[in-house]
Every structure is written in C-alpha cells, then in structure tokens.
There are 4 protein chains.
Amino acid sequence: MARSAALNQQMRDSSRALILETALKLFSEHGYDRTSIKMIAESAGISQGLLYNYFASKDELLAAIFAQSMSDVQASFAMAEEGSTPAERIERLVRGAFTILRKNQQFWRLSYGLRMQQGVLAGLAKQTRKSTAMIRQTLTRYLRDAGGDNPELDAAILFAIIDGVSQHYVLEPTRYPLDAVADRIIQRFQPAVARTKRAAR
Amino acid sequence: MARSAALNQQMRDSSRALILETALKLFSEHGYDRTSIKMIAESAGISQGLLYNYFASKDELLAAIFAQSMSDVQASFAMAEEGSTPAERIERLVRGAFTILRKNQQFWRLSYGLRMQQGVLAGLAKQTRKSTAMIRQTLTRYLRDAGGDNPELDAAILFAIIDGVSQHYVLEPTRYPLDAVADRIIQRFQPAVARTKRAAR
Amino acid sequence: MARSAALNQQMRDSSRALILETALKLFSEHGYDRTSIKMIAESAGISQGLLYNYFASKDELLAAIFAQSMSDVQASFAMAEEGSTPAERIERLVRGAFTILRKNQQFWRLSYGLRMQQGVLAGLAKQTRKSTAMIRQTLTRYLRDAGGDNPELDAAILFAIIDGVSQHYVLEPTRYPLDAVADRIIQRFQPAVARTKRAAR
Amino acid sequence: MARSAALNQQMRDSSRALILETALKLFSEHGYDRTSIKMIAESAGISQGLLYNYFASKDELLAAIFAQSMSDVQASFAMAEEGSTPAERIERLVRGAFTILRKNQQFWRLSYGLRMQQGVLAGLAKQTRKSTAMIRQTLTRYLRDAGGDNPELDAAILFAIIDGVSQHYVLEPTRYPLDAVADRIIQRFQPAVARTKRAAR
DNA sequence: CATGAATGAGCGTTCATTCAT
DNA sequence: TATGAATGAACGCTCATTCAT
C-alpha cells in the first residue's frame, strides 16, 4: 500500500512550509527578481523540481507568501476596532502595526521592496492599493472621532510614519528603537485627546 | 581641432545624458532588474553597443544615476543649514526634501524600490546607509537646537514621515496632497518651538 | 488461494488495459511527445507510479500499444488470403484495411503521426518497414495473379491509396465518405479483371 | 562606424538561411518535438541565443519554414490551371505535386509528421485544412471537366494517391520509383478521357 | 563614435523515472 | 499492489556583454 494519508499530508505540509519559509527569507534578502528558483531549492535542500509540486510558478509562490501574511493585517485591524475610545483605537492600530512588523519582518521587507514595481504580480498591485486605501480611511475615521481639526492630513502623516518607521526598522532591525519610537508616536499623535484628558483631571 | 574636440565632448555629454534619462525612466517604471539593456537602447534610439561606450556595465549605469541624483540631496542640506533659527532649518530641510522629491520623483521611486535589496550594487548600500545616518544626525541636531525634549526619537519620527510621505507621493503623484501634508508636518512638528513662540507673544 | 491469484491476474489485466486505452487516446489526440505520463495517469485515475508497475517506460507503453494493434493487421491479411479469386482477395484486403482503420482509428492516427520520426522507438521503425514491405509484396502478388500488366506499380499505387485514404479519414472521421470511397476503389482498381469477367458473360 | 548595411544584411540573410535549413533538416529527421533548440544551434554551429535574434520562438521558426514552403504549392497550382485540357490540367497537377515533393522532401516529411498533432502550431492546423479543401475542390473540378461519372469520389482517391505516394517516397526517397509511379497514375487516372481520345482516332 | 551580430551563462519550468512506505 | 513525494536532466528562452567592422 501507499504511505498513509496522514504521513503524506505531513510530508506535504512540512515541505510546503519549508519552501515558503526559505523563499520568504531569500526574497526578502535579495529581492524577488534576484532570487532564483535554484537558490531557493538549494537553500531548502530540495530539488528545483519539487518546488513545482507545491507551487505552480515563482509568481504563485510569491502570491502564497502574500496570502499567508496578509491575514495578519486584517486581524490586527479588527483588534484596533475594539478599542473603547478613539485614542485607544489609534494606539492599538499603531502598536498592532509594529507587532506584526516584528513578527513578520522578512515579509514586510519583501513587500516594501516590491511595492514600487508595477507588474511584478498581476493581482498584487491592486490588492496593495486596496489595503492602502483601507488603512488611510480607518486612520482618518479614528482621528476624526478623536476630534482632530484636520483628520485627512493627519491620517496621511500617521500612515507615513507607520510606513516610514517600518522600513527603517526593517533595514536595521537590531538597532532600531522600535518600542521607544512607538511610544513617542502614540504620545505625540494624540495631542487633542491627551490635552483634553489632562485638562479634565 | 579644438572645436572638433569640443563638439565631440558635447555629443558625448548629450548621448550620456540621454541614456541616463532613458534608463532612469525605465528603471523607475519597471524596476532595475526587469529593465533590460535592450529596452533602454531601443527607447533611447541607440544601439546596445553604444551604451557600453558610456557605461561599463548595467551596474555602473545605475551607479551613475545615483551619483547624479545624490548631489541634489547634498545641496538641499546645505540650504537647510543656512536657516537662521532651528525651526527654520527644520522647515527648510522638510520642504527641501519634498522639492527634490518632486523634481526627481522617478529617481526616488527607483531608489525606494532598490533600498531593500542587498547586493544590487556593491557600494550603493553603504552609500545609502551613510546618507541615512547623516540625515538622522542632522535632524537630531536641529530638533535638539529647537529645544525638543527627546530629539533622537523625534528625529526618527520626522525622518520616517519624510520617507513615508515621499513613498506615498511617488506611488500616486497626481493625487497626493504633498504641499498640504508638508505644511501640516511643519506645523505639527515644531510644537515646543511653536508653543514657546506663541507664549512669548 | 487459486481464486485470489486469478483475481489478481484479472485486476492486473484490467488495469493494464485501462492504461493502454487511456494512453492510446491521449497519444492520438496530442501526439506521443506532447502526452505526459502525468496526463495519462490522471486521465486513467491512477497514480503515476502504478503505471510503471505495468510498463517499464513510456517507450514500452508505446510499444505495447503497437503490439496490440498490429495483430489486427495480421488477422486481416489472413482473411484476405482466403478469398477465392485474386479480385476477391484484393477486395478483402482493401475492405479489411478500412475495417481495422475504423475499429482502431486512434491507433492509426498515432501511427501516422509517428511514422516520419526516426528514433521514437528503436524497434518500431524496423517493424513498420517490415510490415510495409509485406503489404507491398502481397498487393503485388494479388495484382499479378489478377493479370495486371504492371503489378509492381499498381501495388505501389493501391498501397498509396489505402494509406492516403486512411489518413484523410482519420483527420476527419465524421465527414469522410469512407465506404463510398472503398467501393470506388474496388470498382476502379480491378478494371482488367472486371472487364474480362464482364466480357466472359 | 558600424559594419556597412549591405554586409549586415548579408550576414543576417545567411544566418537566417542557415538556421532555417538546419532546423528543417533536423525537424524532418527527428520530428519537431524531438528536435531541441540546442540540437539546431550545435548543428548549425551557432549559439542558442543567436537563433532568437532571428526567430522569436521555436514555434515561429516552424511557422517560417512553413511559410517558405507553402508558396511552392500555390505556384504549382497556378501552373496546373494553365493546362489547355482537363486531362492536361490533371497531369500538370499530379506532376507538379511530385516536383515540389522532390524539391522539398524534408519539408514534406516534416509536414506529414506534424499533420496528425493538434495544437502544435495554432495557425497551422487551420492553414492545412484550408489547403486540403482547396486541393480537393480543384481535383473535383478537373475530374468533372474531364467527364468523370463521380468526380467527388475520384478526387478523394486521387488526392489520397498523391498524399500516399508522397509519404512513401519521403520514407525511402532513394528507392521509391517516383517517376514511374507518376506516369502510371496519369495513365490510369484518365481512363474515360484516354479511352475517348483513343476511340476518336 | 557607433553598430548590431554573436555569445554563453543562467533563468523558470517540465517531465520521465525512482523509491520509501 | 499501489501511492505520490522527490529527483535531476533537459527544455525553451532571456539578457548583459563582447567585438569585428
């Protein structure tokens, strides 16, 4: 008889995970275009052919990496939404962004490297644009709820901060003071709220 | 003879400039790796071989593009330095960054796309890191001079804003409210100074 | 025990037949080289590995298909030989050729597609050449017996007709008037015989 | 300055012709699918890359071979049409077919090998079907003009003969008595005409 | 200065075949 | 008997680079 179904599934899962992990590591280090299938296979200790048992193409491998990591973003947004005050929602959103950044820094490095290239992956650009618009809208809403006098502009700035900090962190993860910067952002970015609260005491 | 030499030099310069311009356009559109020498030569209306009369390799062409555009940054910094107050120096630096961003948005798009890849160009990563460190130090100094209570962190944040806004702009240049955002940054990012000034009146 | 062995043999036979059938269908549709083992296995609903339990290689699978279908030809020739007059033997041979063509049109399509390639299968070319020579000789003999004035040339022509008609039929099986063409061939190809017979009445 | 335009064109022409010639030879020997680009390049004494300076793909190389050889067929048909009697037109068409067969036997071998495979070249199947229909119609017309009692069926048979003889010849060009067979076809295939003519004397 | 024919290494991908289970 | 994960060689093709002219 054949190998048991369970064993097969286990083999498949571990191979697939190994490929995804290795590809993400190399993509994020050298960039998508400069990472060859050969590099991935050798680094994972498998044959090039095996990779195609799991992913139909290099593009699909990239898509799978994105699919896997994008669910984090949704979850993080959902958590932010549950904050009880606008200020808390903003804080949750900012801290959540940096939490998933830390957890998955290779992915974000890859993502930031790919963002400027049109046509790397057909659906990817559209997906990214959608995600971006959603973040901007959410930030705007939170800032408006918090009583800001120009929530659109402040949302743009806050979004830029998150993106900018994320990239600076990802470029030098060991040296960047991510937590301190996060605290400072929270502190600085709720002036109206903070001031109101403080005044209320 | 002398005139002939001068004419030659002029032709060389214009050919070189044409290649640089064309390459920058294509690199920024499709990314460095997805732009072939053939594409550049065809788009510039020259032969592939000629390109190698001006640049020893594709890498050197990229290096030349960076060298050309990086001088802008230096000039912009020099201008910032001449502001008469810390607040003005900060403002000049921020506005200068966005001015050169607008002037050379293709380059910045290319640069942001390449930043995450190690080994695209040997010297480039080092150069970029140096430039980055310099910006951070300058910002820190300005913010310290302005009397900020945590200039290092604020410098990190201001730098992140500049980078973040620049990328968002470069992704949608026609729709991004760059000037309004710039004003808002200036306004928001000198709270201590502003408050002090205001209080002094 | 005995029954188990018999059952095993029966399963083997049916699996083998299924593979042969599926392979023939796909080979004839897409050509031998453009049909992968994977396609055959999937289409037959078995694993790729199993196929190698029955056939040592793709080439051997092809050889088995040929072996299976070539016996038809022998049988058909035997039947022709039993005709009581030269004219009847010719008619039987022609009609027999078209009968096995109809019965096994996929095989003939495959065979005609492969015939021009050397080295597809080592033995195949030799086998084909032998078969071809035999047909030519038999036709020549029949035509000589029928009193033709140039049996060699007429045999070449009759053979060409059979092959040509077969291919045209196989290319458009639903539209080709095979029976009418067969009648016409019989009619036209025994003029001397026919005329003699008719005159004798 | 560059090489002269004339020299360049000459180089291009001879390289292109060499590739076409080599590819046709190998395609016809081993079949399209079993002939690799590497084989062609090595056999032609050029690099694999160079081939792509002249043909965008293996498929286009095949298409170019077909385009080159198909014009012969048109010319041959035009010549047949100019015969002064139906019998002469038939003779011209038959002899013309065998003339271009001899002239370009490699091409016809390739063509016969490819005919049974759907989807080798997108446009090819359609083109072939069109050509086939045209031949059949022309033959039918000639035979009707010659006063045949069943021109459709006789056209099918004559067409089959031409195709069948062509393939038998192409399989053993050195041994096949093509001219004698051609004479015999002409002789046998105009019985009504011939008989009429003879009777008239 | 300028051309473009030519190269060769490497790319992403396919596929017949093997083998542990 | 039967599976399917895994291999490795070969495939069609791209592209930065060279060089004779």
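Below, chain A is the first sequence line, B the second, and so on; all start at residue 1. Side chains are part of it too, since the values below use all heavy atoms of this structure and drop only hydrogens, waters and symmetry mates. Quantities reported herein were computed from a predicted structural model and do not represent experimental measurements.
Between the C1' atom of F/dA9 and the NZ atom of A/K38 lies a distance of 13 Å, rounded to the nearest Å. One interatomic measurement links the two molecules: CG of D/N8 to P of E/dA2, which rounds to 17 Å at whole-angstrom precision. Per the geometry, CG belonging to A/L7 stands 10 Å off C1' belonging to E/dA20, to the nearest Å. Distance CD1 (A/I40) to P (E/dG12): 8 Å, rounded to an integer number of Å. Put simply, CD on D/E42 is 12 Å from P on E/dG8, counting in whole angstrom units.
A donor-acceptor pair under 3.5 Å is formed between the side chain of D/R109 and the backbone N or O of C/M116. Side-chain atoms of A/Y54 never come within 3.5 Å of backbone atoms of A/D13 as a donor-acceptor pair (strictly under, hydrogens ignored).
Taken from CZ in D/R16 to CE in D/M11, the straight-line distance is 16.0 Å, to the nearest 0.5 Å.
Taking 4.5 Å as the limit, some side-chain heavy atom of B/L26 sits within range of a side-chain heavy atom of B/H30. D/Y32 is listed as a side-chain neighbour of D/K58, based on a closest heavy-atom distance under 4.5 Å. Inter-residue side-chain proximity for C/V120 and C/L124 is flagged as unmet; no heavy-atom pair is nearer than 4.5 Å. Proximity of A/I46 to A/S15: side-chain heavy atoms (C-beta onward) are nowhere separated by under 4.5 Å.
Salt bridge status for B/K25 with B/E29: present, with a side-chain N to carboxylate O gap under 4.0 Å.
DNA chain F lies under 4.0 Å from at least one heavy atom of each of the following residues of residues 14-37 of chain D: D/T35, D/S36, D/I37. Taken residue by residue, residues 49-63 of chain D places heavy atoms nearer than 4.0 Å to DNA chain E at D/G49, D/L50, D/N53, D/Y54.
The salt bridge (Lys or Arg N to Asp or Glu O under 4.0 Å) contacts involving residues 38-48 of chain D comprise D/K38-D/E42, where partners must be two or more places apart or lie in separate chains.
Both A/Q9 and D/M39 sit near DNA chain F, but only A/Q9 has its closest nucleotide nearer the 5' end. Along DNA chain E, the nucleotide closest to D/Q48 and the one closest to B/I46 are compared, and the more 5′ of them pairs with B/I46.
In terms of the ring pair (Phe, Tyr, Trp, His ring centres under 6.0 Å) criterion, residue partners of C/F66 (sequence neighbours excluded) are, by chain and number, C/F107. By the side-chain contact (heavy atoms from CB on, under 4.5 Å) test, D/Y52 pairs with D/I37, sequence neighbours left out.
Here D/R12 does not reach the OP1 or OP2 of E/dG4: none of its side-chain N or O atoms lies under 4.0 Å away.
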DNA chain F base-pair string [pairs: Watson-Crick or G-U under 3.5 Å; |: paired with another strand]
.||||||||||||||||||||
